[in-house]
Peer 1: 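Pasting a structure here, questions to come.
Convention: sequence-line order gives letters A, B, ...; per-chain numbering from 1. Side chains included, hydrogens not; waters and symmetry mates left out as well; all remaining heavy atoms used.
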Amino acid sequence: MKRNRIKELLKSDATGSEVRVMGWVRTKRQSKNVAFIALNDGSTINNVQIVVDFAKIQEDLLQKIHTGASLSVTGELIESQGSGQKVEVLAKEIIILGEADPDEYPLQPKRHSLEFLREIAHLRFRTNTFSAINRIRHQMIFAIHRFFTEKGFVNIHTPIITASDAEGAGEMFRVTTLDPKNPPLTETGEVDWKADFFGRKTNLTVSGQLEGELAAMGLGEIYTFGPTFRAENSNTSRHLAEFWMIEPEMAFYDIHDNMDLAEEMLKYVIRYILENADDDLSFLSQRLIFEEKGLPQDKRSPFELKEKLRFVLENDFARITYTEAFDILRNSKMNKKKRFQFPVQEWGFDMQSEHERYLVEKHFKKPVIVTDYPKDIKSFYMKLNEDGKTVRAMDILFPQIGEIVGGSQREENLELLIRRMDEMGVPKEEMWWYLDTRKFGSVPHSGFGLGFERLMLFVTGMKNIRDVIAFPRTPKNAEF
RNA sequence: UCCCCUUUAGCUCAGUUGGUUAGAGCAACGGACUGUUAAUCCGUGUGUCCUAGGUUCAAGUCCUAGAAGGGGAGCCA
């Protein structure tokens, strides 16, 4: 007999028919003549209720069933006499697939802290919160691929291992097969990287952008969606050493086309989740309300989770230049009353988290796109504006999480690009292939990077990035 | 990496100016209960007080160092 997934079963009105469900026990409630088992198979946040009549099922079997055990239950789908559900399964046969000793099984039918669940990351898929997050995560991945597919973009797998040492996007993880205790040395006593596997120094990628640009210079519009690695010793709720990044790169797009695409994409994905993940979103919304119950009003989320998502959908993102942002910040009450930890004084300063949050959460009260940053605080590949002082960069700032997208129009002029590389000390020799795209048939083009887990934070309402990825990699933590 | 906070039962936490056998709620287990919804009621047990030193007649409590976790900052997506 085939297995019925709980998600479909709960929607079914075929009462009277024989069904088989398999899943993990969430709770068992027992009274004199009857017992109830809440069973979950991961297909939905909702459990199916198994009704156990002691006349039909042996009682010693029932004593072996505890929270966490896995069961195969065959029985009749019946209309529920209780009030919590429409249908339930009246068990005819229960097979225990795997027991779970209650003295050892760490998950209990009660609320656990997220910190505790992180320590048992191998089991936290069995919780409501974590299974909801991961079902939504999948829907998001799917929505992103669908959005770009509908737009005619081509997905490119850029390399995980790169030799490029010039991207300037943070500390990198070295990839090597050399013996760390006894590496081959050159005549001058240095490590001889020529003897390494690739015949040169290699690292895990910190960005697929440069390779993405190469692909766009032929395919037109491409995107990457892959793992990215940063060896920064960052210990915050917004950083991972291994995370997933979406990087579209588009030929013939200027900075405005770029912004339009990013805003359209974010809204598409959010709309998709609202339309396709209502059960899980509703659960996460309730979870958030409960979690924030004890907090003072000003520390709570200003919107309910789904309201927040709808708000993003229904409002245009604010678009301002860095210079406008600077004026808003400098003239703000916060700044005049010296309430910022870092006072806003001189044009050219790099905005701190507190400034970004002020713009998004206090001033505009919606997502903000800041463009045309001073060239000195941005990367070498960004296109220089006519003023010679700013570059065509754009950062999208979201409430609570800060920068969610960073992008720019790229410098397509070979001479200007070389000048910027010289100014910023970027080695040109090993990037000959990148420069070639400006040498042969160069075109205006743009792109951006979107931190997938940061988007997950926003959509799920979770506070710590370690709870929106199955197995977080952070400094001093690679247990699972 | 820097600043602040935390670490006591399976989980969440209390533990007074240092003082005898270290507590609560939940979970678990046993029993009761005609259908429960994180059931309810009664009962039972639970400890490397993070680690290593130190001060003291005496340390869960004070001091030093370290580890892990959390919040914030930097770096960034």
Side-chain angles (χ1 to χ4, degrees), chain A residues 26-38 46-55 63 66-68 78-85 88 90 100-120 127-128 167-171 206-209 227-247 262 290 294 299 340-342 350-357 377-379 395-398 401-407 448-458 463-467 474-477 479:
Chain A
R26 285 295 174 77
T27 60
K28 185 181 75 169
R29 293 178 291 276
Q30 205 167 335
S31 62
K32 199 173 185 183
N33 302 314
V34 67
F36 301 94
I37 296 166
N46 300 305
N47 305 323
V48 71
Q49 175 155 286
I50 309 295
V51 183
V52 184
D53 186 342
F54 293 167
Q63 296 320 312
H66 298 99
T67 297
I78 58 171
E79 206 175 311
S80 179
Q81 293 174 36
S83 57
Q85 56 282 319
E88 60 196 15
L90 180 61
D101 183 348
D103 288 335
E104 286 184 64
Y105 186 64
L107 287 172
Q108 301 159 2
K110 59 169 277 189
R111 193 168 292 271
H112 287 293
S113 68
L114 294 167
E115 291 83 6
F116 174 66
L117 293 176
R118 258 172 243 153
E119 291 169 15
I120 50 165
T127 64
N128 285 334
E167 292 166 38
E171 294 292 314
V206 293
S207 164
Q209 181 197 318
T228 309
F229 307 88
R230 304 271 167 97
E232 297 285 353
N233 192 3
S234 283
N235 291 288
T236 83
S237 55
R238 299 181 305 281
H239 286 87
L240 290 166
E242 177 182 291
F243 63 100
W244 290 72
M245 190 152 67
I246 298 129
E247 294 181 289
F290 187 90
K299 292 264 173 70
F340 283 131
Q341 196 186 335
F342 299 91
D350 203 353
M351 271 191 265
Q352 308 291 318
S353 296
E354 58 175 348
H355 305 130
E356 294 179 348
R357 292 188 67 150
I377 57 172
K378 288 289 178 185
S379 306
D395 285 0
I396 303 186
L397 311 177
F398 263 38
I401 46 182
E403 186 180 344
I404 196 168
V405 165
F448 62 84
L450 169 75
F452 182 59
E453 282 79 13
R454 289 200 179 164
L455 182 57
M456 281 294 297
L457 282 180
F458 184 75
K463 303 264 162 71
N464 194 312
I465 201 159
R466 296 164 198 197
D467 297 323
T474 54
K476 303 254 155 59
N477 193 346
E479 176 74 16

Peer 1: Which nucleotides of nucleotides 29-35 of chain B have their base under 4.0 Å from a protein heavy atom (B), which only their sugar-phosphate (S), and which neither (-), written as one string 5' to 3'?
Peer 2: S---BSB
Peer 1: Under a plain distance cut-off of 3.5 Å, with no hydrogens placed, do S207(A) and E247(A) share a side-chain donor-acceptor pair?
Peer 2: yes
Peer 1: With a 4.0 Å limit, can you tell me whether T27(A) has a side-chain N or O closer than that to the phosphate oxygens OP1/OP2 of A38(B)?
Peer 2: no
Peer 1: How would you list, by chain and number, every residue that makes a ring-ring contact (aromatic ring centres under 6.0 Å, His included) with F243(A), sequence neighbours excluded?
Peer 2: none
Peer 1: Donor-acceptor pair under 3.5 Å: do we get one between H112(A)'s side chain and the base of C11(B)?
Peer 2: no
Peer 1: Is a donor-acceptor pair below 3.5 Å formed from side chain S234(A) to base C76(B), judging by atom type as modelled?
Peer 2: no
Peer 1: What side-chain donor-acceptor pairs closer than 3.5 Å can you find for residues 103-111 of chain A, not counting sequence neighbours?
Peer 2:
none

Peer 1: Assess whether one donor atom and one acceptor atom, taken from the side chain of Q108(A) and the base of G10(B), lie less than 3.5 Å apart.
Peer 2: yes
Peer 1: In whole Å, what separates the P atom of G45(B) from that of G30(B)?
Peer 2: 15 Å
Peer 1: Just need the stems in RNA chain B: three or more back-to-back Watson-Crick or G-U pairs, each with both distances under 3.5 angstrom, sorted by first number.
Peer 2: B:1-7 with B:67-73, B:10-13 with B:23-26, B:28-32 with B:40-44, B:50-54 with B:62-66
Peer 1: Would you say the base of U37(B) and the side-chain of N47(A) have a donor-acceptor pair closer than 3.5 Å?
Peer 2: no
Peer 1: Could you pull out the protein-nucleic contacts involving nucleotides 43-48 of chain B (nitrogen or oxygen on both sides, under 3.5 Å)?
Peer 2:
none

Peer 1: With centres under 5.5 Å and planes under 30°, do F452(A) and A77(B) count as stacked?
Peer 2: no
Peer 1: Look at the side chain of E354(A) and the backbone N and O of F342(A), then say whether any donor-acceptor pair between them is shorter than 3.5 Å.
Peer 2: yes
Peer 1: Check this one for me: any side-chain N or O of T236(A) less than 4.0 Å away from OP1 or OP2 of C76(B)?
Peer 2: no
Peer 1: With a 4.0 Å cutoff (strictly under), does any side-chain N or O of R238(A) reach OP1 or OP2 of G72(B)?
Peer 2: no
Peer 1: Residues two or more places apart in sequence or in another chain: which of them pass salt bridge (charged side-chain N to carboxylate O under 4.0 Å, His left out) with R357(A)?
Peer 2: E361(A)
Peer 1: Categorize R26(A) for me: base, sugar-phosphate, or nothing, with a 4.0 angstrom heavy-atom threshold over every strand shown.
Peer 2: nothing
Peer 1: Would you check, one step at a time, whether the test side chain to side chain donor-acceptor pair (under 3.5 Å) holds for N477(A) with R466(A)?
Peer 2: CA-CA 11 Å; N477(A) 193 346; R466(A) 296 164 198 197; over 6 Å; no
